[in-house]
Protein chains: 2
Amino acid sequence: MTKSKETSEPAGGEQRRLQMVDIARLAGVSVSTVSRALNGSELVNAETRQRVAELARSLNYSINFGARNLRLQENKTVAVVVPYDARSRQHISDPFFLSIVGAIADALTDRGYDMLLSRVDAERLDQAAHWVDSGKAIGVILIGQWRQHDQLNDMAARKLPLVVWGGEMPQQLYASVGGDNVLGGTLATRHLLQLGRRRIAFFGDAKLPEVWLRRQGYAQALREAGVEVDAALELAAPFEPGVATEIVRQFCQVRRDFDAVFCCSDVLALLATQALRAVGRSVPADVAVVGYDDMPLAAYCDPPLTTVHQPVAEAGVALVEALLAQLAGERPALRTMPVYLMRRASAPDAAA
Amino acid sequence: MTKSKETSEPAGGEQRRLQMVDIARLAGVSVSTVSRALNGSELVNAETRQRVAELARSLNYSINFGARNLRLQENKTVAVVVPYDARSRQHISDPFFLSIVGAIADALTDRGYDMLLSRVDAERLDQAAHWVDSGKAIGVILIGQWRQHDQLNDMAARKLPLVVWGGEMPQQLYASVGGDNVLGGTLATRHLLQLGRRRIAFFGDAKLPEVWLRRQGYAQALREAGVEVDAALELAAPFEPGVATEIVRQFCQVRRDFDAVFCCSDVLALLATQALRAVGRSVPADVAVVGYDDMPLAAYCDPPLTTVHQPVAEAGVALVEALLAQLAGERPALRTMPVYLMRRASAPDAAA
DNA sequence: CTGAAAGCGCTAACAC
DNA sequence: GTGTTAGCGCTTTCAG
């Protein structure tokens, strides 16, 4: 392995970066004084402090955080990790996950933390631990638990500061924040039932904890209404549009004995709408569609999507808070956030 | 200002992190030997190297990058900065920008770099320099130049390693990578003309360089076809859906004398479609719509969007390469990438 | 109030 | 081949 050096040296006519020793010399004081002044220490003479601070500012000095962190044994960087499907080499492009990342970025920034963003193979979520092991980050926020409940439990057992966005699972050791998936499933399904629909399909891969919970809510609502749960109306469609498109299309071609569908993501709902129209069925007249997430674009689709709204901004804050709580010594906790149904035209109140 | 300590100390029963000195002791060698062994130095006995490496792995040791970087004066972190509109407190949620960020993440990971993701007020893009000044990152990739061409030039003049995604501007000192916006505008407009449309509206804020270039392409295509450019058909709609919705709606209510619209983003195209339908005009029969970006969801809208495709994955690579080139001492360069028209149903080939 | 000195975890001369 | 030593840029005792 030849060691490349391309990184180390900046351009040619580059002047060395300003350090404390430089501004110390210019101010005629010692580095310790500069350090104290810049950190607003009460120990240093107000006048000196002022002078040093101004000098530093005018020289556009800014501290070397690497050195500072090393000395202080401190680190204000959090790794945010988005899993991707290595088999289909398909990246997570689901708008919902992306907006969660944005919300986390905000929450982190507000609290003075930096965010290291990376991807990880959805089969090897445990690799996310590397960020903490290497000291690059103090903790990990993982977007989605996928099928790796056990890996996550192992990580938590190793005391890795970790929070995952996802559903609550039995015997869960790791901290998580998620929407109330059972409630979401119930709200969506009840709404469709109220519209008079009785043959309600379910699109989503129940091997994923969140989807599994949503299906519980779905089944529960059906039973409440005395409607039989028909496994033939369940389609294990994944979240990745590339893979899901064909699966959804086939299902819609083969089965025409449903009058509504509850989709476990808005993207899936879009796919379903398109597939239904392609086989000559209209939305919402023939088939009412309810999505999940209330992604930013949901209101601008045609028809605008009725969907289960997830509290993205609050989720970002909650994830960050949960991580900081662990860092402060608290035990990992599970948190479930309220969701509500956002009513739009794809499953309109005025029944067809 | 009371200094909070919440960050520094992990949980209670936490054991100190493993260091080189620990594995040195256990292996019965000095730290230098461990360092060399772990870096695969030829200087150390193959057997020793093996032994040390295994010990380290079995103990789950991983190096402290902070210390390593400090010593090596090296850093493999790049800051990726997404501007946001501070006035409307609206975050960039445009799917296109988000997918560019994803592409950059991939390109950086492939090359062994880490990505620090953050936001910055779109009026103060110069604040992005802070990442480099503080040593947290070796360079900055900025998503969009917005209205701050001058700030960007200043940053480049200061020799800040910087690349921005955006359009080529006159007297530009900073490196940029962007789609061929003039071509995009031309392709979109020509296509609409070929459909027999003559009254083609333009939606987009021409104060933004990219939009300004697209409008040039638009105007050029119109002139080619001997169609007069009508300023009354231009709408300065911003990219933020929140702000744009009302503007687009009003325009569509007031003006009905156009039979096509070229929108400078897919989201804008969605908004336009919805607004047009709301006033009883059909898409594409009455008004053909062409978008821009070919966002992941563009194919799943109704109607599926005809749009100018931007090469996202290639853009990510190009942005990263451009930054690394500067770090290697090359002068900032401008790069324009090809775009093409993706034909779908919102402006169908079989003219209405 | 300020300076001198030690050391955070690691690497790279420089000895042996 | 391997150990010893110095030092990356910063903070913080400890003396004065």
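Note that the coordinates shown come from a computational prediction; the quantities given were computed from them, not determined experimentally. Each chain gets a letter, A, B and so on, in the order its sequence line appears, and its residues count up from 1.
Taking only side-chain nitrogens and oxygens, A/Asn69 never comes nearer than 4.0 Å to OP1 or OP2 of D/dC10. Residue B/Thr48 places at least one side-chain N or O under 4.0 Å from the OP1 or OP2 atom of D/dT2. Contact between the side-chain N/O atoms of B/Gln73 and the OP1/OP2 oxygens of D/dG9 is found at a separation under 4.0 Å. Considering only side-chain N and O atoms, A/Tyr61 lies under 4.0 angstrom from the phosphate OP1 or OP2 of D/dC10. Contact annotation: A/Arg36 does not reach the phosphate of D/dT12 (side-chain N/O to OP1 or OP2, under 4.0 Å). The shortest distance between the side-chain N/O atoms of B/Asn64 and the OP1/OP2 oxygens of C/dC8 is not below 4.0 Å.
Recorded end-axis angle for the helix from C/dC1-D/dG16 to C/dC16-D/dG1 stands at 50°, based on five pairs per end and rounded to 10 degrees.
Inter-residue side-chain proximity for B/Ile138 and B/Thr77 is flagged as unmet; no heavy-atom pair is nearer than 4.5 Å.
Interface remark: the A/Arg71 side chain does not form any donor-acceptor pair with the C/dG9 base, using a distance-only criterion of under 3.5 Å. One donor-acceptor pair, N or O on each side, does fall under 3.5 Å between the base of D/dT4 and the side chain of B/Ser32.
A salt bridge is absent between B/Arg36 and B/Glu42; no separation between the charged side-chain nitrogens and carboxylate oxygens falls under 4.0 Å.
Per the geometry, CG belonging to A/Leu70 stands 12 Å off C1' belonging to D/dG7, to the nearest Å.
Within 4.0 Å (heavy atoms only), A/Thr33 reaches sugar-phosphate atoms of the nucleic acid but no base atom.
Under the side chain to side chain donor-acceptor pair (under 3.5 Å) test applied with B/Glu321, the options B/Arg335, B/Arg111, B/Gln326 reduce to a single match, B/Arg111.
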